[in-house]
Structure formats: structure tokens, C-alpha cells
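For ligands, and for the atoms within them, numbers begin at 1 and follow the listed sequence. Bear in mind that the values here come from a model prediction, so they are computed numbers and not experimental data. Numbers here are sequence positions counted from 1.
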Amino acid sequence: MKKILSIIIMCFVIFTFSSCTNESKNITRQTFALDTVINITTNEKDSEKINDAFALLRGYENVFSRTKPESKLYLLNNGQGKLNGDIEKVLSFSLEMSRLTNGAFDVTVAPLVDLWNIKERKTPPTAEEIETARSKTGYEDITLSPFSLGGKAIDMGAVAKGYIADKVAESFKEKDVENAVIDLGGNVVLIGEFNVGIRNPFNPNEVFATITVKDKSAVTSGAYQRYFEYEGKRYHHIIDPRTGYPSESGVASVTVISPSSMQADALSTAIFILGKDSISLCDNFTDTDALIIMENGEVITTENFDKKYELKK
Ligand code: AMP
Ligand code: MG
């Protein structure tokens, strides 16, 4: 019998079990890691394996954190350490995305992310400060062999959670877990089939629509996830490197569904910045789809999205 679980995708995911079969219960455990709330759900019989997943996640904090002085990324940004392993894979994919989007997705966006410091700022930076930070970005200066950051600093906030979620899913599959929801702050990977609720970007406590997804990842980028408001205007955490300001593409949220969470993560950020016409970026990736909710309420999807994912509003 099919077991279906309903979840709501957003930065901080809420799980509600819609139905359970006569098999044993599902268990959800929560922790805070990678600067976000993590929820992992498995069948009760696999729940011990969640501890291993949490340990794996903590290990990745020492790879991808930009603020921990011992992390691999921190060391690289400070001219130390070697390019290899996870960082090399994610950097190489991020550079491909940077090229594919002509720099709208830019892995060297770090100076702008630091300047905007969305979590703590109450007022926007000055135009001059923005221009100074913007002049320090530019993925074109990075080379992989020989490796050089070309004086730039990298930020993997738009893609690392996806990569890590894929790794947790891989480790579960190696341990024969057949049903799991790995939710890294709205970056969700599903092992098995589940109903997924897409959060309403205009009222994040409500579900905008539900879809049914099997053995894939669903990732949402939205302006409602991290932001501050100043003089009636919202300043959010996704920066358009072409202007140096939070992007203003008219997109309220974009959800990408893909077999690869890393790809879904990067694409949701890129489409959010580039706007509705960039939904065609999905064509560059296998079996990858998107649903965009525009600020004016318009909904745009890739072809046959509603049939493929049983879209219900
Ligand atoms: P996401 O929530 O996955 O859409 O990613 C947003 C995060 O990615 C931000 O918090 C930054 O760390 C980083 N970021 C912001 N703007 C960009 C950009 N233009 N290109 C790449 N990464 C970005
Ligand atoms: Mg992303």
C-alpha cells in the first residue's frame, strides 16, 4: 500500500502526516545545523539512522560554513587549504551555473551577501557601499586548474544545502531506508512518494498548492524566507549581482523539482533572480521542473507540470 506524507516546503518546513498505513509509525527528528532548522523523517524502524544523518550534517558544517574558521570553505577563502572533495564538486557545478546564467547566479557573491547581512541589518547599505562590494565579485576570475580564486571569495549558500541533502539521501539508501523526508530548511529530498505542500509566499502559514513527488528533491526559493523591511520596501536574501541589490524580477517564489537536490537548489535561486522567462533553464537538466508564483499572483510552470505532479490548488 502507498504511504503518503504531507509536508509544507519553505525555509522552515512543517510536517503533518496525512495518512499512515498499518505499517509502523513515522518519526520526525529536528535539529539546528547549517544555519537552519533540519527535520528528518523516517519509518520508526529506521529512526536510529537519523542520528547518523545528523552527524553527517555536522561534518558538512566543517566543509561549507563561511564563518567557521576551521571550515574548508573558510580556509579556501583565506588563501589556505586545497581544492578537493566536496568543495571541488560544488565549486565546479557552481561555476557551470554561473556561466549558464551569465552571472545572475554568481558563486563569488560573498562580498554582497556580507554587506547586505540580511539577518542583522535594519537599513539598506549606501549605493557607494554596494558598488564597492559589487566590484569585488566576478566568477570569471576563478580557475580550477590551476586552482585560483582570483582574489574573489565564494559563497555556497545557494547550493550547498542541496548537495548535502543529496548526500544524506545517498547514505540512507545505502542503509536500505525506503521512506524518508530529508528537509534542510526547505531544501527537501524525498525517498519514496509523498504529498508536498508548496507554501503560499503571500501568507507563509498557508499552503498554496499540493503536489505528489516520488524519489526526487523539491526546493523553494522565496522573498519571504529571509528579509528586512525599510520604508515600506522588502529587502531579501537573494542578491542580483548585476545590480548589487536584492533581485526584483517579480517572482514571489519558485519551487524546482529534480532528481538532484544540488541542481534544484541552484536553479531555484537562479530562476528567482532571472524571472519567469528563465524557467527554460530547467531544460538544461534531466527530468527537472519548476513552478513559479509571481508577485502579481500569476503561476507559471514547466510543460505538463500539473499532470506530472498532480498539482492541486
Ligand atoms: P537560496 O535560499 O537557496 O535561494 O539561496 C540564497 C543564498 O544564496 C543566500 O543566502 C546567499 O548565501 C546566496 N546567494 C545570494 N544571492 C546569490 C546569487 N546571485 N548567486 C549565488 N548565490 C547567491
Ligand atoms: Mg538555492
Side-chain angles (χ1 to χ4, degrees), residues 9-13 34-37 64-67 71 73-74 77 90-91 93-121 130 133-134 136-140 142 152-166 183-189 199 201 204 217-228 235-249 251-258 260-275 278 281-282 285 288 290 292:
I9 297 182
M10 62 169 287
C11 215
F12 306 102
V13 174
L34 310 165
D35 202 26
T36 196
V37 177
F64 291 108
S65 165
R66 206 149 65 72
T67 50
S71 88
L73 184 56
Y74 186 98
N77 274 338
V90 177
L91 180 58
F93 172 71
S94 298
L95 286 174
E96 270 175 44
M97 275 306 287
S98 301
R99 284 183 212 110
L100 187 65
T101 62
N102 285 321
F105 179 103
D106 189 335
V107 68
T108 66
V109 75
L112 284 166
V113 172
D114 290 345
L115 177 66
W116 279 95
N117 189 13
I118 292 291
K119 266 204 267 174
E120 278 162 35
R121 245 185 202 282
I130 292 170
R134 212 178 71 81
K136 294 180 186 154
T137 66
Y139 69 94
E140 301 93 334
I142 296 186
K152 303 294 186 284
I154 47 185
D155 179 295
M156 292 179 163
V159 63
K161 282 206 281 286
Y163 177 81
I164 297 166
D166 282 333
D183 170 18
L184 312 187
N187 210 117
V188 179
V189 178
R199 201 166 277 256
S217 174
V219 180
T220 298
S221 287
Y224 59 90
Q225 292 168 333
R226 291 181 188 195
Y227 65 90
F228 66 84
Y235 295 90
H236 59 77
H237 70 306
I238 304 177
I239 312 291
D240 186 337
R242 300 166 300 181
T243 62
Y245 285 79
S247 67
E248 295 194 59
S249 63
V251 173
S253 80
V254 49
T255 299
V256 175
I257 301 168
S258 167
S260 156
S261 194
M262 175 173 74
Q263 291 176 3
D265 194 1
L267 265 179
S268 67
T269 309
I271 295 173
F272 188 88
I273 296 165
L274 284 165
S278 69
L281 281 171
C282 291
F285 301 90
T288 296
I292 302 175

Open item on the list: Quick check: D265 and ligand 1, any N/O pair under 3.5 Å apart?
Closed with: yes

- prompt: D240 side chain to A104 main-chain N or O, any donor-acceptor pair under 3.5 Å?
  reply: no

If we number the atoms of ligand 1 from 1 as shown, the ones under 4.0 Å from a heavy atom of H237 are 2 (O), 6 (C), 9 (C), 10 (O), 15 (C)

| field | T108 and T137: side chain donor to acceptor below 3.5 Å | value | no

The protein heavy atom nearest to atom 22 (N) of ligand 1 is A158 CB, 3.4 Å

For V109, the ligand 1 atoms with a heavy-atom partner under 4.0 Å come out as 14 (N), 17 (C), 22 (N), 23 (C)

Exercise. Are any of the N or O atoms of Q225 closer than 3.5 Å to those of ligand 1?
Worked result: no

for atom 1 (P) of ligand 1, nearest protein heavy atom and its distance come out as T269 OG1, 3.3 Å

I273 heavy atoms within 4.0 Å reach ligand 1 at atoms 18 (C), 19 (N)

Can you confirm whether I271 sits close enough to V251 that some side-chain heavy atom of one is under 4.5 Å from a side-chain heavy atom of the other? no

Could you tell me if the side chain of V113 sits less than 4.5 Å from the side chain of R66, heavy atoms only? yes

Heavy-atom distance under 4.5 Å between the side chains of D265 and Y163, does that happen here?
-> no

| said: Treating T243 as the side-chain partner and Y245 as the backbone partner, does any N or O pair qualify as donor plus acceptor under 3.5 Å? | reply: yes

>> Check this for me: does any side-chain nitrogen of one of D106 and K152 sit under 4.0 Å from a carboxylate oxygen of the other?
In response: no

Under 4.0 Å from one or more heavy atoms of S221, ligand 1 contributes atoms 1 (P), 3 (O), 4 (O)

Mind checking whether A104 has a heavy atom under 4.0 Å from ligand 1? yes

closest protein heavy atom to atom 20 (N) of ligand 1 is D106 N, 2.9 Å

Practice problem: Decide whether an N or O pair under 3.5 Å exists between V113 and ligand 1. | Solution: no

For OD1 in D265 and O in A158, the angle at the Mg ion (ligand 2) (nearest 10°) is 70°

**OP:** Check the angle between the aromatic planes of Y235 and F228 and answer parallel, tilted or perpendicular using the 30° and 60° thresholds.
**Re:** parallel

Answer yes or no: does an N/O atom from D155 fall short of 3.5 Å to an N/O atom of ligand 1? yes

Regarding K136 and D114, does a basic nitrogen lie under 4.0 Å from an acidic carboxylate oxygen?
no

Taking S98 for the side chain and F105 for the main chain, is one N or O donor matched with an acceptor at less than 3.5 Å?
yes

Under 4.0 Å from one or more heavy atoms of I239, ligand 1 contributes atoms 15 (C), 16 (N), 17 (C), 18 (C), 19 (N)

Decide whether an N or O pair under 3.5 Å exists between V107 and ligand 1.
-> no

### Message
Could you check whether N187 and S261, counting side-chain N and O atoms only, form a donor-acceptor pair closer than 3.5 Å?
### Response
yes

### Message
Let me check your reading of the structure: within less than 2.8 Å of the Mg ion (ligand 2), is there an N/O/S atom from N187?
### Response
no

- [ ] Measure from the Mg ion (ligand 2) to each N, O or S atom of V159 and report whether any distance is below 2.8 Å.
- [x] no

Note: ligand 1 atoms sitting under 4.0 Å from heavy atoms of P241 are 19 (N)

